[in-house]
Novice: 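Before anything else, here's the structure in question.
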2 protein chains.
Amino acid sequence: MARRQAPGTRERILRVASRLFQENGVRAVGMQQVVEEVGLGKSLLYREFDGKDDLVAAWLRESDAAWWAAVDAALAPHDGDPAGQLLALVELVAAAAASPGFHGCVFYNTSSEFRDDDHPARQEALAHLRRMRGRLETLAGAAGAAHPGALADELMLVVGGMYATGAALGPDGPVRAGVAAAGSAIARHCATGH
Amino acid sequence: MARRQAPGTRERILRVASRLFQENGVRAVGMQQVVEEVGLGKSLLYREFDGKDDLVAAWLRESDAAWWAAVDAALAPHDGDPAGQLLALVELVAAAAASPGFHGCVFYNTSSEFRDDDHPARQEALAHLRRMRGRLETLAGAAGAAHPGALADELMLVVGGMYATGAALGPDGPVRAGVAAAGSAIARHCATGH
DNA sequence: TCAGTCCTGGACCGATCGGTCCGTAACCGC
DNA sequence: GCGGTTACGGACCGATCGGTCCAGGACTGA
């Protein structure tokens, strides 16, 4: 009948777009640039995705899934030790924020690039950040924090701070203080007695 | 000889540009939109500024100056009490991050929009953030912190976290926990004895 | 009042944006 | 091998980007 559709096209596009968006920001990357670096024509891209907004949203969904997979891997060794898992999660963020070529958390960055609440990219980004806080609160509760929500908020502060300063001030900046600050917060909220 | 140049043109442009950049982000605002909202022609804008990059840099310089003026005003009541000034500075950030229509710290936002280290806007933004950390370290030293740099880093984390989460999660999110976390950090680092 | 000067608004420029569409050729069933 | 079908690359679209430039007129000095 006809030639067969090449497999893995969507994944290839997503991989290239992910790298470009991460390194340069979404608004700074044009669709033309994406297809050129993928080595495909535009029609392929627009068959796989409805438009740039859809591509960006798909990228964020994939990044979200990859993040939680990394979290699961980092938390597994501390199974049964929620306080240790809390610290391991912060350490995972610290490692990301201190890695070479880090340009900020893609979810915070993208939510700041698209301010319209109706924009799908913003919705995906904010949903991820809410999930992040939710996970922290769950772990905080399991760790026996007196006020799980308060501990989760404090850890979100540390995490957000590491992302922001890691991108702006480099890996030798405040990022180094993050894990210690988180440990102090966890200890303070989970102190047994009274 | 000729008609005189209308006074205050530069200031009017900067005020409009400041509002647009703050609300929408820099890349989302076109020069056409700026001149339309100012009600002037493009030639005026390009006589006052060398181009968009220059306009953005000038906006950041003005925002930087305005910020330090606000800091001075907030710290004045606590003259002679560096620890209190540290807390007042954090409270100033918390108030900004919780204010309605807050869309993130313009310096963090702009540094994430322009990743090229040679870009004047990025340079202005990063310079502001370094000044911010420097001010915190100076105050931390005056407050008798055992390790002023460490306290400054921890407070930068709280500040960056409040900016990030204030924009993404709203004023009722982790921002509320920021001042308490900062107070705890200050007390821990400035504990007298041992 | 008139001539001269230069401020001013907006038409205009090439480049690039996100997105559409068509000619070509690769591949299939027969 | 051949005809039909469909995947594909890239030419092309209008809109908008940052930036330039010019015709017109408002103001000044005499």
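In this text the structure is predicted, and so the values were computed from the model without any measurement. Below, each value reflects all heavy atoms present in this structure, side chains not excepted, and no hydrogens, waters or symmetry copies. Reminder, nothing fancy here: chain letters follow the sequence lines and each chain counts from 1.
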Novice: Using whole Å, report how far CE of B:Met31 lies from C1' of C:dG9.
Specialist: 16 Å

Novice: Nearest-Å distance, CZ (A:Arg12) to C1' (D:dG9)?
Specialist: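 In whole Å, D:dG9 C1' lies 13 Å from A:Arg12 CZ.
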
Novice: Is the shortest side-chain N to carboxylate O distance from A:Glu137 to A:Arg133 below 4.0 Å?
Specialist: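 Yes, A:Glu137 and A:Arg133 are salt-bridged.
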
Novice: Return the nearest nucleotide to the side chain of A:Leu40; candidates are C:dG9, D:dG9, D:dG19.
Specialist: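 Shortest atom-to-atom distance from the side chain points to D:dG9.
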
Novice: Would you classify A:Lys42 as touching base, sugar-phosphate or nothing, given that sugar-phosphate means primed atoms plus P, OP1 and OP2, and contacts are heavy atoms under 4.0 Å?
Specialist: base

Novice: Of the listed nucleotides (D:dC8, D:dG19, C:dG9), which one gets closest to any side-chain atom of A:Leu44?
Specialist: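 In terms of side-chain proximity for A:Leu44, the closest of D:dC8, D:dG19, C:dG9 is D:dC8.
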
Novice: Out of C:dG19, C:dT8, C:dC21, which has the shortest distance to the side chain of A:Tyr46?
Specialist: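 The answer is C:dG19, which lies nearest to the side chain.
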
Novice: Once you apply a heavy-atom cut-off of 4.0 Å, does B:Val38 come out as touching a base, just sugar-phosphate, or nothing?
Specialist: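 Nothing: the residue B:Val38, judged by heavy atoms under 4.0 Å, touches no strand.
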
Novice: Going through the checks in order, is the salt bridge (Lys or Arg N to Asp or Glu O under 4.0 Å) test met by A:Arg135 and A:Asp72?
Specialist: CA-CA 11 Å; A:Arg135 182 85 178 240; A:Asp72 287 343; 3.2 Å; yes

Novice: So, OP1 or OP2 of D:dC8: does either fall under 4.0 Å of a side-chain N or O from A:Arg47?
Specialist: yes

Novice: Quickly, which of B:Tyr108, B:Trp59, B:Trp68 forms a ring pair (Phe, Tyr, Trp, His ring centres under 6.0 Å) with B:His128? Name it, please.
Specialist: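 For B:His128, the ring pair (Phe, Tyr, Trp, His ring centres under 6.0 Å) check succeeds only for B:Trp68.
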
Novice: For the backbone of A:Gly101 and the side chain of A:His103, can you confirm whether one donor and one acceptor N or O come within less than 3.5 Å of each other?
Specialist: yes

Novice: Return the 5'-most residue of the pair A:Asp50, B:Thr9 with respect to DNA chain C, ranking by each residue's nearest nucleotide.
Specialist: B:Thr9

Novice: Working note: B:Arg19 + B:Glu37, criterion salt bridge (Lys or Arg N to Asp or Glu O under 4.0 Å); need CA distance, chi angles, decisive distance, verdict.
Specialist: CA-CA 11 Å; B:Arg19 177 173 54 80; B:Glu37 300 222 9; 2.9 Å; yes

Novice: From C-beta outward on A:Lys52, which listed nucleotide comes closest to its side chain: D:dG19, D:dC21, C:dG18?
Specialist: C:dG18

Novice: Would you kindly give the NE2-to-P distance between B:His119 and D:dG18, to the nearest whole Å?
Specialist: 11 Å

Novice: So what does A:Val29 touch, heavy atoms closer than 4.0 Å: a base, only the sugar-phosphate, or nothing?
Specialist: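 Touches sugar-phosphate only.
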
Novice: Let me know the distance between CD1 of A:Ile13 and P of D:dA7, rounded to the nearest Å.
Specialist: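 Those two atoms, CD1 and P, are 14 Å apart.
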
Novice: Whole angstrom is fine here: how far is it from CG in B:Leu45 over to P in D:dT20?
Specialist: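 Atom-to-atom, B:Leu45 to D:dT20, this comes out as 12 Å.
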
Novice: Could you state the atom-to-atom distance from CD of A:Glu48 to C1' of D:dC8 in whole Å?
Specialist: 12 Å

Novice: Starting from C1' on D:dT16, measure out to CD on B:Glu36 and report it in whole angstrom.
Specialist: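 Value for this atom pair: 11 Å.
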
Novice: Tell me: CZ of A:Arg27 to C1' of D:dT16, nearest whole Å?
Specialist: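 Between C1' of D:dT16 and CZ of A:Arg27: 13 Å.
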
Novice: 5'-most contact on DNA chain D: A:Gln32 or A:Gly39, nearest heavy atom basis?
Specialist: A:Gly39

